[in-house]
There are 2 protein chains.
Amino acid sequence: MHLYTLEEVNFLTDITKMVAEIGNSGNVCHDCKDISCAAAILNYKELDQVRNNSRESTLKKGEVILHEGSLTSHIIYLKSGLVKEYVKIGGESEQILQIVKDHSYLGLPSLFGDRINHYSYAALEDCRICYIDINVFNSLIRKNGSFGYEILVSTSRDNLNNFNRFLNRSQKKIYGRVADAILYFAKIIYESQKFDLPFSRQEFADLIGVSRESATRVLIKFKAEGIIGLKGRTISIEKMELLEQISQRG
Amino acid sequence: MHLYTLEEVNFLTDITKMVAEIGNSGNVCHDCKDISCAAAILNYKELDQVRNNSRESTLKKGEVILHEGSLTSHIIYLKSGLVKEYVKIGGESEQILQIVKDHSYLGLPSLFGDRINHYSYAALEDCRICYIDINVFNSLIRKNGSFGYEILVSTSRDNLNNFNRFLNRSQKKIYGRVADAILYFAKIIYESQKFDLPFSRQEFADLIGVSRESATRVLIKFKAEGIIGLKGRTISIEKMELLEQISQRG
DNA sequence: ATGCAGATGTGATAAATATCACAAATAAAT
DNA sequence: ATTTATTTGTGATATTTATCACATCTGCAT
């Protein structure tokens, strides 16, 4: 049984008040360029219902959006920016589960599972997010089956992707894992052969589940072998085929 | 892009024919004692639709129900029995993802994700399963939002549980993992302090992601310390608190 | 009972990776 | 620009776990 701190209760109450009093501060969902695939199939009336029970907000890089263990009163939709999903391990270290790109809901499985957030979320870039009242969201799913179906599809895909990454990870040795992470950023997150890591070496290591030192060593070895370019947090893939081989062989 | 072997296509065609020609062979869904939580909220007419497009079947221990990579034409619901969900690794070894208990659907995320089964399923005991036409299932979700909502809840819970087990695993050392697996069987699968493992030491090792030899060694050490009783495949927990401590400490 | 095949247990060794203790390089603050 | 703090890189070592090579056991069929 989870008990809530005063801080948590106040936080939830604040959001609820904010949404109730101020509404969506002029934003109109049906004109929103960042609307989700699922919400795109809602009709005008339904979107208006969302609008009247949601609120947009912005976050600075580094800010925490949700803490694991907290109670859910609002769904969070990421309109723009990049977010890390993670769990804390024994107070100090953390395990990063995935990098969430814009146009995604945060923590839907937690919401439908037991309403307690299982993972934490923090902004890796400045972000714009929408808080949507959980009751409105649930009633839309019940009333509009196609909306529910779309949500089901998106959570299922997410589930498969994450599980797949974890499965791969648990089978591969450290070289394969580092290769995977680089390819993950290049292909899925940034869609570019050259990119800036949005975080430190420690966090890079937390993403692939190895020690910082080991991760560093492998990155430097890849650089020495001309597989990647590496300068600070900037990575460029120089030998894509070789990197993919390393990823596959484990 | 996934291509299908003739064998796979024939298999799918066979099931479709079977269901179309024979129907549910006398079984009536609204009288079914093994109905899923989600299907329990369907009305008479909707259940009749399911009935006319489904078929029950039985499987012997050891038989494979679904192969990873195969195409999905029917949803599979486990009425009774125990099933392992696994993936093959490099032809020889395998990684067991979870043990599926009765009254569960198999592979829903694969179904909604991309219609290709990502995992394999094999019977650990004699099983009864229902094949349900995927189009009927999907149209029920779209037409009856509450049904979709229930499916969403159950896949979300499943997702959280599995992910949680994997997260724990990737953080824990071998003693913690073995303790976890024993507690998993005792608390979740069999709900008893004493139980028979439904498979070999190799499969036990595949479940926790370690080598057979290492798993064996830890089991024997637990026995030597009086934490568990161990005779062949029968395990009894003797010192629950200690076992839970080992599980938590990792 | 006898023999056989698969499953299980055991020791020795090798491989992979974490940890520790610093040094060097960057970034941030004054 | 200088100091301070944080991040990153590096070598030596310790730990953990896999692998290999067999021995032993168990259940099953003859």
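Small disclaimer: the values here were computed from a predicted structure and weren't measured. Per chain, numbering begins at 1; letters A, B, ... match sequence-line order.
Computed from coordinates, the A:Lys231 NZ to D:dT8 P distance equals 15 Å when rounded to whole Å. Atom pair B:Arg212:CZ and D:dT24:C1' shows a separation of 12 Å (rounding to whole Å applied). Rounded to whole Å, atom P of D:dT17 lies 10 Å from atom CD1 of B:Ile208.
Along DNA chain C, the stretch of nucleotides lying under 4.0 Å from any heavy atom of chain A spans, 5' to 3', C:dA16 to C:dC20.
Listed by chain and residue number, nothing satisfies the salt bridge (charged side-chain N to carboxylate O under 4.0 Å, His left out) test with A:Glu85 (two or more places apart in sequence, or in another chain). Residues passing the ring pair (Phe, Tyr, Trp, His ring centres under 6.0 Å) test with B:Tyr184, sequence neighbours excluded: none.
Scanning both residues, A:Ile246 and A:Tyr175, for their nearest heavy atoms gives CG2-O, 3.7 Å. Scanning all heavy atoms of the two residues, the minimum distance from A:Asp34 to A:Arg128 falls at OD2-NH2, 2.9 Å. Between B:Ser104 and B:Tyr77, the shortest heavy-atom contact is O-CD1, 3.5 Å.
Remark: B:Lys223 does not engage B:Glu238 in a salt bridge, criterion side-chain N to carboxylate O under 4.0 Å. Under 4.0 Å is where a charged nitrogen must lie from a carboxylate oxygen, and between B:Arg212 and B:Glu203 no such pair does. Salt bridge present: A:Glu244 and A:Lys187 bring a charged side-chain N and a carboxylate O closer than 4.0 Å. A salt bridge links A:Lys172 to A:Asp180: at least one charged side-chain nitrogen sits closer than 4.0 Å to a carboxylate oxygen.
Within 4.0 Å (heavy atoms only), B:Arg233 reaches sugar-phosphate atoms of the nucleic acid but no base atom. At a threshold of 4.0 angstrom between heavy atoms, the contacts of B:Ser211 include nucleobase atoms, whether or not backbone atoms are also involved.
A cation-pi contact, defined as under 6.0 Å to the ring centre and within 45° of the axis, is absent between B:Arg201 and B:Phe204. With B:Tyr86 as the aromatic partner, B:Lys84 meets the cation-pi criteria of under 6.0 angstrom to the ring centre and within 45 degrees of the ring axis.
In the helix from C:dA1-D:dT30 to C:dT30-D:dA1, the end axes, each obtained as the rotation axis mapping the C1' atoms of four pairs onto the next four within a five-pair block, lie 40° apart to the nearest 10 degrees.
In this structure, the side chains of A:Thr155 and B:Asn159 stay at 4.5 Å or more apart for every pair of heavy atoms. Residues A:Leu106 and A:Tyr119 fail the side-chain proximity criterion, which asks for heavy atoms closer than 4.5 Å.
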Pairs under 3.5 angstrom, nitrogen or oxygen only, protein versus nucleotides 13-16 of chain D, please.
none

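Of the residues in residues 214-226 of chain A, those lying under 4.0 Å from DNA chain C by heavy-atom distance are A:Ser214, A:Arg217.
Toward the 5' end of DNA chain C, the nearer of the two residues A:Lys172 and B:Glu213, judged by each one's closest nucleotide, is B:Glu213.
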